[in-house]
Visitor: 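Have a look at this one.
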Amino acid sequence: MNPLFELRLERGGDGTRNSARSIYEQLKAAIVEGRLALGARLPGTRQSSAFFGVSRNTATDIYERLINDGYAVSRRGSGTYVVDALPMAPSFDADQDAPTDDPRLNGFWLSEETRAAIGFWRDEPRSGNATGKGIAADFRPAMIDTRLFPMDLFRQISVKQLRQLENQPPSFKSAQGNQGNFRLREAIVRHIALTRAVPCRSQDALVTSGAQQAFDILARTLVTPGKTVVAIEDPGYPPMRVAFAAAGATIVPIEVDDEGLIVDQLPANTNIICVCPSHQFPIGVTMSPQRRAALVAFARANGAVIVEDDYDGEFRYEGSPVEALRTADAADLVFYVGTFSKCMLPSLRLGFIVAPPWAMRTLVAAKNCLDWHCPIPTQMGVAGFIGEGHLTRHVRKMRGVYDQRRRLIMSFMTEHLGEWFDPVPPLYGMHIAALTRDGVDVEAVTAGLFASNVKIHTLDRYHLGPPKRRGIVLGYGVVDLPEIEHGLSQLHKTLLRAA
């Protein structure tokens, strides 16, 4: 079987020796530069005349030299292949020896603040790196326990949906539209009506590649560069504000108290208000009914719109259900953003916007500009998973799992860490914020814990300006009960040593 080999080679001079040297150098350069992929099969020596313009013996000599120098490997009965790893692999670290202020790049994306905000969940290398020994306890927020997802069941449903797709005419496959697969949009409407009491129709929903693309689409369509003022919660979710700032909006941070975003601090010229009312990120408070009413009234009186990020609203543990901001009375000014990353799998990269009818055509056009539409097989698989009731069962199961973890953290904080922290009891979600009492250097404490494989974020990284509140954020999406006890015990020991 002839391999695919589209590399153009020059013999390079007269004579067999010169030709062999030239072809060897060209093949070696192609391997090092990546034009010949690692593991790729090279043409057989019987085909050397057609591919290289040299004899079979010359090609054999070239391959032997590549093998001896560590760039190729011979597999008996199969042929000669590029090695899977280069003898001295070049570094492709984007930060190494690269200019940081190249004028050809948009300066916004060169900002250290932008990079930190869009990658807030990553931990920079620090002194005292993790040793890799002992139990690891990862308390970082925005992570979920994918081990408990019914992967085999989802795979079966996806295969069934793919078979249905095979039997559909081409017109069906092209008629899905970039607003999203209609079956998935119908499933979304049923799901958020059941779990969040959000009133909407399937034509009000736009399927996106995760919540982040939803923010990007909203920023592209709602922001006029240099004119639009966007109010965000501070502390808040950093990647959300990046999308609006990149579109040219003026970002105004608004403080959060025990009732949620402080509406009285909103400037009168605010055009867009971004909030997480059910489970504020990262403080964790639920916006009070009075504050919700004041926020909607402000938006209506000032011609503003609200972007409601309901990232983990399915997971309610205590109290009566709290409606989303997008009620029937506010449907004309609230853009509701949801995601399947928390209730299913982050790797699905699926989210959605429930938008006012007046905005949908523009949102769809922006989605079209970005990626036309989300992958139809994935959409159909998720639609089948929801439609057969499996998402409801999975959410019910995970509520129980996460609630156990939440209760253990709250109990441990109350019994052992009350001297240093005031936890904010969450009614919803997958993380707990704990505000520090005076005298606790949380940055030093969490840096020390990192060396023991205990990863905890501080509130500092979620503030836009100078932090007004100090504390830690304890996510319980991926930590089991023994890991929680271990990690919080390590935190306790570290605080005692510091005291």
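By convention here, the first residue in the shown sequence is residue 1. Everything numeric in this text was worked out from a predicted model, so none of it was measured. As a basis for the values below, the full set of heavy atoms in this structure was taken, side chains included, without hydrogen atoms, waters or symmetry mates.
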Visitor: So which heavy atom on N178 is nearest to which on K367, and how close?
Guide: O-CG, 3.4 Å
Visitor: Find the distance between CD1 (I118) and OG (S111) and round it off to the nearest 0.5 Å.
Guide: 11.5 Å
Visitor: Would you check if I432 and F139 make a side-chain contact, meaning some heavy-atom pair closer than 4.5 Å?
Guide: no
Visitor: Do the non-hydrogen side-chain atoms of D309 and F215 ever get within less than 4.5 Å of each other?
Guide: yes
Visitor: So does A205 get a backbone contact from the side chain of Q179, meaning a donor-acceptor N/O pair under 3.5 Å?
Guide: yes
Visitor: So R326 and D310, salt bridge (Lys or Arg N to Asp or Glu O under 4.0 Å) or not? Walk me through it.
Guide: CA-CA 10 Å; R326 194 189 190 280; D310 198 30; over 6 Å; no
Visitor: What's the separation between atom OG in S158 and atom CG in L153, rounded to the nearest 0.5 Å?
Guide: 9.0 Å
Visitor: Could you tell me how the ring of H457 sits relative to the ring of Y462: parallel (under 30°), tilted (30 to 60°) or perpendicular (over 60°)?
Guide: tilted
Visitor: When you measure from the side chain of Q379 to the backbone of C374, do you find a donor-acceptor pair of N or O atoms at a distance under 3.5 Å?
Guide: yes
Visitor: Would you say that Q280 contacts L261 through its side chain, given a criterion of any heavy-atom pair below 4.5 Å between the two side chains?
Guide: no
Visitor: So which atom in L464 and which in D234 form the shortest heavy-atom distance, rounded to 0.1 Å?
Guide: N-OD1, 2.7 Å
Visitor: With the threshold set at 4.0 Å, does a side-chain nitrogen-carboxylate oxygen contact exist between D371 and R349?
Guide: no
Visitor: Flag yes if more than 12 heavy atoms outside R393 fall under 6.0 Å of its CZ atom; otherwise flag no.
Guide: yes
Visitor: Going by heavy atoms in the side chains, are I144 and M344 under 4.5 Å from each other?
Guide: no
Visitor: I'd like to know if the side chain of T195 reaches the main chain of H191, judged simply by a donor and an acceptor atom lying under 3.5 Å from each other, with no hydrogens or angles considered.
Guide: yes
Visitor: With a 3.5 Å distance limit and no angle check, can you tell me whether Y237 reaches the backbone of C276 through a side-chain donor-acceptor pair?
Guide: no
Visitor: Show your reasoning for whether side chain to side chain contact (heavy atoms under 4.5 Å, CB included) applies to F108 and V242.
Guide: CA-CA 10 Å; F108 176 85; V242 170; 4.1 Å; yes
Visitor: According to the interplanar angle, ranging from 0 to 90°, do the rings of H492 and H416 count as parallel (below 30°), tilted (30 to 60°) or perpendicular (above 60°)?
Guide: tilted
Visitor: Can you tell me how far CZ of R316 sits from OG1 of T286, rounded to the nearest 0.5 angstrom?
Guide: 10.5 Å
Visitor: Parallel, tilted or perpendicular: which describes the rings of H431 and H279, with under 30° parallel and over 60° perpendicular?
Guide: tilted
Visitor: Would you find a donor on one side and an acceptor on the other, under 3.5 Å apart, between the side chain of T270 and the backbone of I272?
Guide: no
Visitor: For K397, is the NZ atom crowded, meaning more than 12 foreign heavy atoms sit under 6.0 Å from it?
Guide: yes
Visitor: Any idea which heavy atoms bring T339 and Y311 closest together, and the distance?
Guide: CG2-O, 3.8 Å
Visitor: Crowded around E259 CD? As in, over 12 foreign heavy atoms under 6.0 Å?
Guide: yes
Visitor: Has the side chain of Q490 got a donor or acceptor atom that lies under 3.5 Å from a matching backbone atom of S452?
Guide: no
Visitor: Looking at every non-hydrogen atom in both residues, tell me the closest pair between A330 and L325 and how far apart they are.
Guide: CB-O, 3.7 Å
Visitor: Looking at T436 and G471, what are the two nearest heavy atoms and their distance?
Guide: CG2-CA, 3.5 Å
Visitor: A side-chain contact here means heavy atoms from C-beta on lying under 4.5 Å apart; do V256 and Q265 qualify?
Guide: no
Visitor: Specify the closest pair of heavy atoms between N302 and A268, including all atoms of both residues, with the distance to one decimal.
Guide: OD1-O, 3.3 Å
Visitor: Of V207, N181, L350, which is the lone residue that meets side chain to side chain contact (heavy atoms under 4.5 Å, CB included) with T378?
Guide: L350
Visitor: Salt bridge or not between D204 and R185? Use side-chain N to carboxylate O under 4.0 Å.
Guide: no
Visitor: Would you please test V285 and R291 for side chain to side chain contact (heavy atoms under 4.5 Å, CB included) and show each step?
Guide: CA-CA 12 Å; V285 296; R291 197 66 63 81; over 6 Å; no
Visitor: With rounding to the nearest 0.5 angstrom, report the CG to CG distance, D480 to D145.
Guide: 6.0 Å
Visitor: How about CZ on R163, more than 12 heavy atoms from neighbouring residues, nucleotides or ligands closer than 6.0 Å, or not?
Guide: no
Visitor: For a salt bridge (charged side-chain N to carboxylate O under 4.0 Å, His left out) with E388, tell me which candidate from R183, K160, R190 qualifies.
Guide: K160
Visitor: I would like to know whether R300 and D332 meet side chain to side chain contact (heavy atoms under 4.5 Å, CB included); could you show each step before the answer?
Guide: CA-CA 10 Å; R300 196 171 296 285; D332 61 320; 2.9 Å; yes
Visitor: Decide yes or no for M240 and V337: does some side-chain heavy atom of the first lie under 4.5 Å from some side-chain heavy atom of the second?
Guide: no
Visitor: Is the shortest side-chain heavy-atom distance between I386 and F340 below 4.5 Å?
Guide: yes
Visitor: Between R241 and C274, is the side chain to side chain contact (heavy atoms under 4.5 Å, CB included) condition met? List the steps.
Guide: CA-CA 9 Å; R241 70 171 181 253; C274 299; over 6 Å; no
Visitor: Tell me whether R470 contacts the main-chain N or O of V442 through its side chain, where contact means a donor paired with an acceptor under 3.5 Å.
Guide: no
Visitor: Strictly distance-based, threshold 3.5 Å: is any side-chain N or O of R140 a donor or acceptor partner for the main-chain N or O of V478?
Guide: no
Visitor: For E443 and T458: C-alpha separation, side-chain torsions, deciding distance, then whether side chain to side chain donor-acceptor pair (under 3.5 Å) applies.
Guide: CA-CA 7 Å; E443 293 295 331; T458 67; 2.5 Å; yes
Visitor: State whether the side chain of R405 and the backbone N or O of V479 hold a donor-acceptor pair below 3.5 Å, judged by distance alone.
Guide: yes
Visitor: Taking atom CG of L417 and atom CG of D422, what is their separation to the nearest 0.5 Å?
Guide: 11.5 Å
Visitor: With heavy-atom distances below 4.5 Å as the criterion, would you say the side chains of L474 and M413 are in contact?
Guide: yes
Visitor: Checking E323 side chain against A197 main chain: does a donor-acceptor pair fall under 3.5 Å?
Guide: no
Visitor: Specify whether F385 and H394 have parallel, tilted or perpendicular ring planes, treating 30° as the upper limit for parallel and 60° as the lower limit for perpendicular.
Guide: perpendicular
Visitor: How long is the straight-line distance from CG of L333 back to CD of E308, given to the nearest 0.5 Å?
Guide: 11.0 Å
